[in-house]
Amino acid sequence: MDRYNVQQAISDWYQINKRDLPWRGISDPYKIWLSEIILQQTRVNQGLSYYLKFVAVYPNVDSLASAKEDDILKLWQGLGYYSRARNLLAAANQIVKQKEFPASYKELLKLKGVGEYTAAAIASFAYEEPVAVVDGNVYRVLARIFGISTAIDSSTGKKEFLEIANSILNKQDPSTWNQAIMEFGALQCIPKSPNCSTCPIHTECFAFNNDRIDALPYKKGKTKQQVRHIYYYFTRFNEQTIIKKRPAKGVWGGLFEFPALEVNHEIPIDKAIAHIKSELEISEDDFKVVLVQEPMKHILSHRIIYCSFIELELTQFNYKNGHNWIVIPLNQLHNYPVSRLMEKYISNI
DNA sequence: TTCCCGTACT
DNA sequence: AGTACGGGAA
């Protein structure tokens, strides 16, 4: 396989097929960084509107650094992997503390939330540093063209693919090349049923010639899903409700939600209500159960969540803060960042 | 239902 | 080295 031919073919393909995206053709490292954090584990179509919102609200790193975590999380709401949002704020503060934006792969790596891929992306796009990006697209393209069957989720695989990516990197124009190979993976050499018939290099592609398209890239690990049951209690009293902020670590870190009973095994709904009653320290006369929602099934990559919402009307409520509860007016609920699961329920209130 | 995608933490 | 972390599209 001639690497130069492959490089030339993908570069030519890119000039014709590249999408016009707002973070392309710019050199502002702040906007490039922002776009890359948003695009981690996220497809362009899903991330685009978030990028536009963020650039509009936070046009530069100083404005971002002075933002409040909850405001950033609110803007991030629905995008998933919420530690990215908290790391974004932390990194903005790292950057502001320094005199100028980190301007090399090595310096960029020191930023929170910036790993090997993102550091290479920013360094090449903003500064033309000749470092190869290796993202999911690059793994797929290289594995198929060159017939690399080393697992991409092993350390030897990561090393091997990085070496190949660097060997095929166009050092004269690393920025365009890195974007070209990723775009090629995102639009042409796609995971399922890639468009081989219109591919400019299918005659040279190992996977195409050896019927290995579906087998490459090879991945060994599958994350197992853990079942979890959540019983949220949505309390109402005097047009107010109770919410709390999730801890930074774990699922939906930093997001807000109704107080909940979160357990590994299903429990009868009256047991859940009894638990809620004791946690609220209320007696039988102080509340009535208005509604018990049919359990909703919510799936994350690593978790299967069965979630019940229990709506309670309180006639009396003594606020004690052993639970870090936040009492808010009902009409303020929409100002707090919440998970998709919470959002689905709230939108029907 | 299955698959996809980078970083941090342990 | 292995695993936690979300949401949407195929």
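None of the values given here were measured: they were computed from a predicted structure. Chain letters run A, B, ... following the sequence lines, proteins first, then strands; residues in each count from 1. What's counted below: heavy atoms across the whole structure, side chains too, no hydrogens, waters or symmetry copies.
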Please report the distance, rounded to the nearest Å, between [atom1] in [X] and [atom2] in [N].
X	N	atom1	atom2	value
A:Leu73	C:dG6	CG	P	11 Å
A:Gln225	B:dC3	CD	C1'	11 Å
A:Lys192	C:dA9	NZ	P	15 Å
A:Gln41	C:dA9	CD	P	16 Å
A:Asp153	C:dG2	CG	P	9 Å
A:Leu39	B:dC4	CG	P	19 Å
A:Tyr81	C:dG7	OH	C1'	8 Å
A:Arg86	C:dA4	CZ	C1'	12 Å

Strictly below 4.0 Å, N to O, side chains only: are A:Glu107 and A:Lys110 in salt-bridge contact?
yes
What nucleic acid atoms does A:Lys224 come within less than 4.0 Å of, heavy atoms only: base, sugar-phosphate, or nothing?
sugar-phosphate
Can you tell me if [X] touches the phosphate of [N], counting only side-chain N or O atoms and a distance under 4.0 Å to OP1 or OP2?
X	N	result
A:Thr118	B:dT7	yes
A:Trp252	C:dG7	yes
A:Tyr139	B:dC4	no
A:Lys249	B:dT10	yes
A:Arg140	B:dC5	yes
A:Arg43	C:dG7	no
A:Lys219	B:dC3	no
A:Arg303	C:dC5	yes
A:His302	C:dC5	yes
A:Lys220	C:dG2	yes
A:His298	C:dG7	yes

Nearest to the side chain of A:Arg340 - B:dG6, C:dG8, C:dG6?
C:dG8
May I ask you to check whether A:Phe54 and A:Trp76 place their ring centres under 6.0 Å from each other?
yes
Would you say the ring centroid of A:Phe258 lies under 6.0 angstrom from that of A:Phe234?
yes
Both A:Ser154 and A:Asn45 contact DNA chain C. Which one's nearest nucleotide lies toward the 5' end?
A:Ser154
Select from A:Ser301 and A:Glu116 the residue whose nearest nucleotide in DNA chain B is closer to the 5' end of that strand.
A:Ser301
At their closest point, which heavy atom of A:Val338 faces which heavy atom of A:Ile346, and how far apart are they?
CG1-CD1, 4.2 Å
Heavy-atom pair with the smallest gap, counting every atom of A:Arg19 and A:Arg24:
O-NH1, 2.9 Å
Do you see a donor-acceptor pair shorter than 3.5 Å between the side chains of A:Ser124 and A:Gln179?
no
